[in-house]
Amino acid sequence: MKEHSPSPRRPGLLQRAPATLREFAARGPGFVFTGRLHEARTTVSVGRLLGLAIVVCFVTGLISHVLQHPPGSLVDVLPSRPVWGYRLSQGLHVASGIAAIPLLLVKLWTVYPRLFVWPPVRSVGNALERLSIAVLVASAVFQLGTGLLNITQWYPWPFSFVPAHFAGAWLLFGGLLLHLAVKAPVIAAHWRRRSAGTLELPAQDAPDRRSLLLGLGAAVGAVTVTTVGQSFTPLATTDLLAPRHPDHGPQELPVNRTARAARVSPALLTDWRLRVRGPRPYALTLDELAALPQHEATLPISCVEGWSVSAHWSGVRVADLVARAGGGRDARVRVVSLEQRGSYRVMDMGEQYARDPLTLLALRLNGEPLSLDHGSPARIIAPNRPGVLQTKWVTELEVR
Amino acid sequence: MGGAKVLRLVTGAAGLAATGFGASLLFGGPDLYGTNWLGPGVRDPWEVVLWLAGSALVHDVLIAPVVLLLGMLVLPLVAARLRGPLRGAFLTAGCLFLVAVPPLFAPRPARNPSVLPLNYAHGLLLSLAAVAVGALLVACVPWRRLGRPRARGSATE
């Protein structure tokens with residue numbers, strides 16, 4: 001039986017504080033972070049899903065980048081099929097980026113106590129490792145944040161989005177690979193339910209871990225379901241939070257850049273002629289174009305911002321226009337727009353696109369003549385290409 | 001050296017190379033790789049670095065403490081078996097809120113009603129309501145007992 005001794009008067013806050021700090025330093029962050037899931041098995045279970053999302057996002061992002069700025073050697077190799085290729089790739093890019101948000105938040109939560117380990121740096125190797133983690137965390141939040149804002153066309157930062165997002169992607173991917181290499185033993189030890197490290201953890205945490213993973217699954221499902229309808233039209237009914245919706249836009253198709261934004265006024269369209277340059281140059285008025293054999297194609301506009309909607313186009317085959325100008329099967333086409341400024345005023349099309357029978361100089365959209373915002377009187381529409389390269393307000397084609 | 005060790009070294013080396021490439025894109029100036037497929041380079045790298053550092057801070061100083069505080073203060077208020085569903089509900093609701101912030105607050109471009117056309121406040125409220133309903137279902141339906149047949153007092157079959 002314990003003796004009851006008179007309890008001494010508790011020392012004041014000032015005298016207690018250093019002891020608390022000393023205790024914190026000795027016991028480590030676990031003293032404050034009492035949640036039981038700040039451990040390696042939960043980290044690995046969430047981490048592998050996050051890693052998968054980042055890899056998918058990175059690869060699809062690279063595809064998008066190459067399609068928008070192809071290296072010279074690849075211009076004629078870029079395929080024009082499948083028709084839905086870029087639609088799938090860019091839809092996946094935005095969807096995996098959005099799905100990564102809950103995954104990243106939970107992953108960082110599981111390892112957050114390690115931010116406060118004392119002493120902060122134990123050796124040069126430890127310092128380098130912590131630095132690489134800092135880059136990884138910073139670039140992950142940066143990529144997901146800039147990406148999420150970009151799809152709503154909100155740019156509250158002073159730098160140009162595309163170069164910064166591209167650089168950030170390599171920092172993130174590189175940081176991820178380095179992290180996997182450094183943590184490989186820990187990952188292997190906790191990969192399975194029966195791995196050595198997992199078995200050492202208290203068994204009673206398993207139901208709580210499952211519950212956390214279920215909640216995470218619900219979060220990933222919720223953010224996906226409320227946004228993916230902008231790329232995948234069958235899910236448009238649940239599209240509550242995406243920046244676009246397939247049912248909203250003139251001629252049943254959303255618009256990215258209006259004529260007003262591109263400074264294309266109806267005045268510029270009077271006496272419009274399509275000039276085609278090449279071995280046998282010629283020019284056509286709109287009526288002469290409409291008199292040529294018209295062809296139809298059902299092709300999506302797949303925007304770099306992730307939304308995509310399919311539409312029914314009719315117009316003249318670009319291959320026919322090229323042949324009439326004396327171009328061969330391997331001809332490339334340079335398209336010039338009436339747009340006064342902008343990085344996509346001049347667009348280059350490799351031979352795969354140029355000779356594809358589905359690539360049209362479209363005059364009609366969903367049964368009506370092209371509206372001004374959709375590129376009246378003529379726009380390019382090609383399969384398996386980003387929306388920015390489907391040039392609007394075409395004024396000139398050059399066969400090369 | 002075993003295969004696993006080699007793989008580990010190669011992965012680490014690839015990671016270093018990719019990070020170095022990213023750093024060159026960031027600091028090499030807009031014309032480092034010319035006008036080829038890599039596109040225009042970054043013009044103001046230190047602005048980007050500032051936003052990178054700010055991103056890490058936003059998580060470590062803002063988001064994580066808020067989450068931990070919520071967990072520490074709110075979860076203990078409910079019965080132990082309700083904490084899992086409540087945590088899941090907070091996580092889902094929080095992520096929906098984060099995803100809704102850009103469409104709610106982004107400036108709308110002039111005269112293009114196809115950009116940000118929806119009523120996002122309504123959309124967010126509707127999704128949060130769905131989360132609440134879902135959480136109630138998970139918490140109140142006896143999922144464990146659904147799989148098991150009820151025990152009988154005597155075998156009369």
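Order of the sequence lines fixes the chain letters, A, B, ..., with proteins taken first and strands second; residue numbering starts at 1 for each chain.
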Pick from A/Pro156, A/Pro163, A/Ala261: which one has the most heavy-atom pairs with chain B under 4.5 Å?
-> A/Pro163
Say you draw a straight line from OH of A/Tyr112 to NE2 of B/His59; how long is it, rounded to the nearest 0.5 Å?
-> 7.5 Å
Hey, is CZ on A/Phe161 packed in by over 12 heavy atoms from elsewhere, all under 6.0 Å?
-> yes
With rounding to the nearest 0.5 Å, note down the distance linking CZ in A/Phe159 to CG in B/Asp44.
-> 8.0 Å
For B/Leu96, is it the side chain, the backbone, both, or neither that has a heavy atom closer than 4.5 Å to a heavy atom of chain A?
-> both
Can you name the nearest heavy-atom pair linking B/Leu26 to A/Ala167, along with the distance?
-> N-CB, 4.2 Å
Residue B/Leu98 versus chain A: region with a heavy atom under 4.5 Å = both
If you tally heavy-atom pairs under 4.5 Å between each of A/Leu253, A/Leu212, A/Leu176, A/Thr227 and chain B, the highest tally belongs to A/Leu212
Closest heavy-atom pair and its distance - A/Ala222, B/Thr92 | CB-CG2, 3.5 Å
Scanning both residues in full, the closest heavy-atom pair of B/Gly15 with A/Leu177 reads CA-CB, 3.6 Å
Donor-acceptor contact present, side-chain B/Arg111 to main-chain A/Arg260, <3.5 Å = no
Chain B: which of A/Pro243, A/Ser211, A/Gly215 shares the most heavy-atom pairs with it under 4.5 Å?
-> A/Pro243
Should we say atom CD of A/Glu252 is surrounded by more than 12 heavy atoms from elsewhere, each under 6.0 Å from it?
-> no
For A/Leu241, is it the side chain, the backbone, both, or neither that has a heavy atom closer than 4.5 Å to a heavy atom of chain B?
-> both
Rounded to the nearest 0.5 angstrom, the CG-CG distance for A/Leu171 and B/Leu52 is 6.5 Å
Looking at A/Leu240, A/Ile151, A/Leu148, A/Leu104, which one has more heavy-atom pairs under 4.5 Å with chain B than the rest?
-> A/Leu240
So, for A/Leu178 and B/Gly12, which heavy atoms are closest and what is the spacing to 0.1 Å?
-> CD1-O, 3.5 Å
Distance-only, no hydrogens or angles: does the B/Asn112 side chain make a donor-acceptor pair with backbone N or O of A/Arg257 under 3.5 Å?
-> no
Kindly compute the distance separating OG (B/Ser114) from CG (A/Asp373), expressed to the nearest 0.5 Å.
-> 8.0 Å
Minimum-distance pair of heavy atoms, taken over all atoms of A/Trp154 and B/Pro107 | CD1-CD, 3.3 Å
Is the shortest heavy-atom distance from the side chain of B/Val48 to the side chain of A/Trp157 under 4.5 Å?
-> no
Shortest non-hydrogen separation from A/Trp170 to B/Leu25 and the atoms involved = CD1-CD1, 3.6 Å
Can you tell which of A/Pro207, A/Gly217, A/Pro185 has the highest number of heavy-atom pairs within less than 4.5 Å of chain B?
-> A/Pro185
What part of B/Pro45 lies closer than 4.5 angstrom to a heavy atom of chain A: side chain, backbone, both or neither?
-> neither
Determine yes or no for a side-chain-to-main-chain donor-acceptor pair under 3.5 angstrom, with B/Ser55 supplying the side chain and A/Val141 the backbone.
-> no
When only heavy atoms count and the cut-off is under 4.5 Å, which of residues 76-90 of chain B reach chain A?
-> B/Gly84, B/Arg87, B/Gly88
Rounded to the nearest 0.5 Å, the CH2 atom of B/Trp51 sits from the OG1 atom of A/Thr146 at a distance of 10.0 Å
Applying a strict 4.5 Å limit to non-hydrogen atoms, the region of B/Val99 in contact with chain A is both
Contacting moiety of A/Leu172, where chain B heavy atoms sit under 4.5 Å | neither
Indicate whether the side chain of B/Arg43 and that of A/Ser160 have a donor and an acceptor atom separated by less than 3.5 Å.
-> no
Rounded distance (nearest 0.5 Å) linking atom OG1 of A/Thr226 with atom OH of B/Tyr120 = 11.0 Å
Could you go step by step and tell me if A/Asp239 and B/Leu118 meet the side-chain contact (heavy atoms from CB on, under 4.5 Å) rule?
-> CA-CA 9 Å; A/Asp239 174 2; B/Leu118 307 172; 4.0 Å; yes
